[in-house]
Amino acid sequence: MLTKKIPILLSVLFLFLAQAQRKKRKDTVVIYEKVIVYDTVYKSRAFKIKASPLHLSKLDLNFRRINFPAPQLKNTEEKPTEKITENSWNYGISAGLGMKNNSWYSDKKPQFGASGSLWVSKTLFTPKLTLMLSANAFLWNSSFDLDANKEETFLDGFYFTKDQQPLLFQRFNNKYSEFFLQLKALYEWKNFRPFAGITASQSFYKMQFLVPENKVLNKLNDFKNRSTDFGFVLGMQYRISRKISFDLEYQELTRKGLNLRNSDFDFEIFKANSNFAERKILAGISYRLSR
């Protein structure tokens with residue numbers, strides 16, 4: 001009998017001791033808070049607080065006082081550098097004044113004249129080197145007027161044609177027209193463009209002689225000279241603006257005498273192979289018509 005009651009007593013004793021050791025515990029509330037990191041990653045964290053009433057004050061946010069820095073975007077693209085390039089081909093016009101003298105009447109006053117021209121140019125190898133071709137027309141005034149009927153002149157006397165007919169000098173006015181072509185190379189340094197080149201000139205003189213009619217010198221005829229001569233040119237061009245330039249040049253030609261002709265007679269007023277030099281100083285303004 002006693003052995004049957006022992007397990008029952010031990011069970012009761014164990015329950016009593018367990019009940020005696022139990023203590024009153026406080027209740028706990030678990031709150032989870034979400035924390036945003038970089039708007040994409042979330043992290044949950046648990047913590048314990050006492051169970052008591054929560055009083056939250058009203059949240060007042062003044063967004064006007066919050067300054068958000070504007071994002072700075074780095075521009076990695078390089079700005080294109082502006083290049084000013086000259087056209088390979090250019091064309092334009094020019095006008096100017098000139099002064100000249102001839103060695104065959106060097107004791108006389110120099111002649112003055114006015115010119116107009118058309119030109120075209122092309123850059124070679126580099127924008128600084130330019131080749132220019134120009135066509136020019138000049139009208140020279142008269143620096144002297146020789147009249148054998150009024151005074152003695154250095155051209156007085158008789159002249160003979162190729163078939164030995166006599167001619168007697170009467171009048172000569174050295175007002176004449178001239179046309180010439182120029183080919184020159186220009187090199188640009190800052191706004192200055194020195195140049196050098198060659199020139200081909202064609203001039204037109206007119207003289208009056210008494211010619212024989214029925215073997216008597218009593219008819220007045222006009223004789224004209226038309227010769228093509230070559231020379232060189234040196235000068236400087238100063239660029240005032242992109243389209244306007246000032247030109248100053250020196251030109252020298254070697255003329256091979258004066259061969260005078262008309263419809264009936266042909267002769268050379270000077271001795272054979274009597275060459276003479278002609279020197280000019282020209283100044284003008286050039287205007288570029290191309291863009």
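Sequential numbering from 1 along the given sequence is applied to the chain's residues. Being a predicted model, the structure only gives us computed values, none of them experimental.
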Could you tell me whether the side chain of [Y] reaches within less than 4.5 Å of the side chain of [X], counting heavy atoms only?
X    : Y    : result
F246 : I240 : yes
L282 : L97  : no
L210 : L220 : yes
L129 : T123 : no
F138 : F179 : no
N136 : S115 : no
F230 : T254 : no

Measuring from [X]:[atom1] to [Y]:[atom2], what's the distance to the nearest 0.5 Å?
X    : Y    : atom1 : atom2 : result
Y287 : S241 : OH    : OG    : 8.0 Å
W89  : S290 : CH2   : OG    : 11.5 Å
S142 : F172 : OG    : CZ    : 8.0 Å

Exactly one of Q170, Q208, R171 clears side-chain contact (heavy atoms from CB on, under 4.5 Å) with D147, and that residue is R171

Excluding L186, membership of its hydrophobic cluster (Ile, Leu, Val, Met, Phe, Trp, Tyr; side-chain heavy atoms within less than 4.5 Å) reads W119, M132, F195, V233

Taken in chain and number order and not counting sequence neighbours, the residues that satisfy salt bridge (Lys or Arg N to Asp or Glu O under 4.0 Å) with R193 are none

Item to check | In one Ile/Leu/Val/Met/Phe/Trp/Tyr side-chain cluster, 4.5 Å: L181, W140 | outcome: no

message = If hydrophobic clusters are built from ILVMFWY residues whose side chains come within less than 4.5 Å, do L248 and W189 share one?
response = yes

(Q) Can you tell me if K224 has over 12 outside heavy atoms packed within less than 6.0 Å of its NZ? (A) no

The complete set of salt bridge (Lys or Arg N to Asp or Glu O under 4.0 Å) pairs with one or both residues in residues 177-187, sequence neighbours excluded, reads E178-R255, E178-K280, K184-E249

